[in-house]
Amino acid sequence: MAPVKEARIDLKPEDTAQMRAKLLDWYRRHLRDLPWRRTRDPYAIWVSEIMLQQTRVAAVVERYEQFLKNFPTVVALAHAAEADVLALWSGLGYYRRARMMHKAAKTVVEQFGGVMPASAAALRDLPGIGVYTSAAIASIAYGEPVAVVDGNVERVVQRLAGWGSESREGQAELNRKIADYATRLLDPTAPGDFNQAMMELGATMCLPKAPLCLACPLREHCKTQGEHPAPTRARMRSETAAYALVIRSQARYREILLEQRSEAETVMPGMWELPALADKEFDERHQRMAVRHAIMQVNYYVRIRTAFEDDAELLALPSGQHKWIRLRDVLGLPLTGLARKVLLRADIPELAAVPPMLPARASAG
DNA sequence: TAACCGTGGTC
DNA sequence: TGACCAAGGTT
């Protein structure tokens with residue numbers, strides 16, 4: 001006798017078999033050629049899954065290979081300095097992900113002899129690896145039959161099953177039902193491909209706003225044909241900010257003034273940024289550039305002012321530690337996303353090409 | 001459980 | 001300009 005909870009899921013065995021076949025067939029013909037789909041190395045897949053958390057595929061594609069070039073194995077990552085790991089993460093956001101993965105790599109080396117845990121349950125014990133990520137790595141790298149539930153799968157299942165806002169149950173109960181459905185639907189003979197197919201379907205067909213139902217391989221099995229309750233919106237606000245680009249020439253090289261955020265900050269602790277201006281207002285003649293920078297619920301409209309070494313009174317340098325950094329070493333530091341963006345757009349010859357490898361340890365430590 | 005942690009593209 | 005959103009985890 002089936003448990004009550006599962007009995008509410010309307011999925012007949014013959015439907016399941018058809019849906020698996022249609023979805024896998026569609027996936028194998030339409031999958032995007034992404035770098036992490038060319039490997040079964042559990043470490044490389046781990047890196048991709050951490051980078052992909054709440055982050056767009058396009059942003060990850062740019063960083064994934066560079067990260068693996070610098071840290072090709074879990075042992076290499078474990079032996080790296082945290083500042084170097086963060087430097088390669090600069091601009092990706094959610095920096096705790098990088099710190100936790102670095103910490104987990106050390107655990108893998110110290111406790112497991114440098115061999116990645118080979119099951120979802122064991123992976124789950126590492127910092128930064130939760131229910132989703134452990135299932136993703138285990139199914140893709142090891143073929144373990146565990147279903148993933150990410151934002152895509154959640155939406156796809158809700159539409160397939162017709163579970164919408166009319167249900168009175170709590171979010172926790174709904175999440176259980178979704179995980180149950182995904183587990184029932186999972187093709188145990190190809191769990192890695194199947195999981196990726198569900199996510200790919202959500203990412204490219206079963207879109208949040210205007211789903212492409214007419215081209216969907218599962219349309220005949222879908223209860224809603226794309227309906228989905230509109231998610232509640234968070235409020236955004238705008239602010240202005242102003243920073244200084246201060247460059248000085250030394251005998252053989254040029255240096256830029258940067259400031260290191262306190263380790264006690266809750267946001268981007270210990271990372272390097274441009275010095276803030278004491279006064280956000282300044283003459284347009286001194287403006288080097290203007291950029292928008294979205295952080296969480298705030299759109300910052302940022303103006304960057306050109307300044308010089310003896311303009312110190314313009315700068316607000318009360319707490320943070322500031323330092324002159326050689327321009328050629330700057331990309332080796334853990335920069336905030338905003339600092340990185342400004343420097344890369346500032347047309348600075350020393351930064352003309354993003355180096356594929358981290359520079360030798362910068363002098364800013 | 002809900003708040004918190006970053007970002008760039010796009011409309 | 002303002003707002004939305006993307007392969008979550010932690011506390």
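Contact annotation for A:Ala58: no contact, since no heavy-atom pair falls under 4.0 Å across all strands. Note on A:Ile50: nothing from the nucleic acid sits closer than 4.0 angstrom, heavy atoms only. Heavy atoms of A:Arg63 sit nowhere under 4.0 angstrom from any nucleic acid atom. Within the nucleic acid shown, A:Ala59 has no heavy atom closer than 4.0 Å to any nucleic acid atom. Among the heavy atoms of the strands, none lies under 4.0 Å from A:Trp89. No engagement by A:Val60 is indicated, since no non-hydrogen atom pair under 4.0 Å with the nucleic acid exists. When heavy atoms are screened at a 4.0 angstrom cut-off, A:Leu207 is found touching no nucleic acid atom at all.
In terms of phosphate contacts, A:Thr266 brings no side-chain nitrogen or oxygen within less than 4.0 Å of OP1 or OP2 of B:dC4. In this model, the phosphate group of B:dG8 is approached by a side-chain N or O of A:Lys341 to a distance below 4.0 Å at OP1 or OP2. In this model, the phosphate group of C:dG9 is approached by a side-chain N or O of A:Thr133 to a distance below 4.0 Å at OP1 or OP2. At the phosphate of B:dT7, neither OP1 nor OP2 sits under 4.0 Å from any side-chain N or O atom of A:Thr55. One finds a side-chain N or O of A:Gln54 lying less than 4.0 angstrom from the OP1 or OP2 phosphate oxygen of C:dG8. Applying the 4.0 Å criterion to OP1 and OP2 of B:dG6, one finds that A:His293 has every side-chain N and O outside that range.
Here B:dA3 presents its P atom at 13 Å from CD of A:Gln171, a figure rounded to the nearest Å. The CZ atom of A:Arg345 sits 13 Å away from the P atom of B:dT7 (whole-angstrom rounding). As a whole-Å value, the separation of A:Leu338 CG from B:dC5 P is 17 Å. Rounded to a whole Å, the CD atom of A:Glu265 is 15 Å from the C1' atom of B:dC4. Here the P atom of nucleotide C:dA3 and the CD atom of A:Glu239 are 13 Å apart, to the nearest Å. If you take OH of A:Tyr132 and C1' of C:dG8, they are 9 Å apart, rounded to a whole angstrom. Taking atom CD on A:Gln53 and atom C1' on C:dG8, their separation rounds to 5 Å, with Å as the unit. In this structure, A:Met51 places its CE atom 20 Å from P of C:dA6, rounding to the nearest Å.
Residues A:Asp180 and A:Arg184 are not paired through a salt bridge, judged by the lack of any N-O separation under 4.0 Å between the basic side chain and the carboxylate. One finds no salt bridge joining A:Glu350 and A:Arg328 here, because no Lys/Arg side-chain nitrogen approaches an Asp/Glu carboxylate oxygen to under 4.0 Å. Between A:Arg38 and A:Asp33 there is a salt bridge, since at least one side-chain N of the basic residue sits less than 4.0 Å from a carboxylate O of the acidic one.
A:Leu315 and A:Phe308 fall into different hydrophobic clusters, where Ile, Leu, Val, Met, Phe, Trp and Tyr residues are linked whenever their side-chain heavy atoms come under 4.5 Å apart, directly or through other members.
Using a 3.5 Å distance cut-off with no hydrogens or angles, the side chains of A:Arg97 and A:Thr55 do pair a donor with an acceptor.
Residue order along DNA chain B, read from the 5' end via each residue's closest nucleotide, puts A:Ala172 first among A:Ala172 and A:Glu62. Closest-nucleotide positions on DNA chain C for A:Leu52 and A:Leu126 were compared, and the one nearer the 5' end corresponds to A:Leu52. Residues A:Arg124 and A:Asn299 each lie close to DNA chain C; by heavy-atom proximity, the contact nearer the 5' end of the strand is made by A:Asn299.
Between the side chain of A:Glu265 and the backbone N or O of A:Gly270 there is no donor-acceptor pair closer than 3.5 Å. A:Arg63 contributes a side-chain N or O that, together with a main-chain N or O of A:Ser90, makes up a donor-acceptor pair within less than 3.5 Å. With hydrogens and angles disregarded, no donor-acceptor distance shorter than 3.5 Å links the side chain of A:Arg303 to the backbone of A:Gln287.
In this structure, the nucleotide among B:dT1, B:dG6, C:dG2 sitting nearest to the side chain of A:Tyr94 is B:dG6. For A:Arg292, the listed nucleotide lying nearest its side chain is B:dT10; candidates were C:dG9, C:dA6, B:dT10. Taking every side-chain heavy atom of A:Asp150 into account, C:dG8 is the closest of C:dG2, C:dG8, B:dG6. Proximity note for A:Tyr301 (side chain, C-beta onward) versus C:dC5, C:dT1, C:dG8: the nearest is C:dT1.
When the shell of 6.0 Å around CD of A:Glu281 is examined, it contains 12 or fewer heavy atoms from other residues, nucleotides or ligands.
If you check residues 95-102 of chain A against DNA chain C, the residues with a heavy atom closer than 4.0 Å are A:Arg96, A:Met100, listed by number.
Nucleotides B:dG6 and C:dT11, compared at atom P, are 14 Å apart to the nearest Å.
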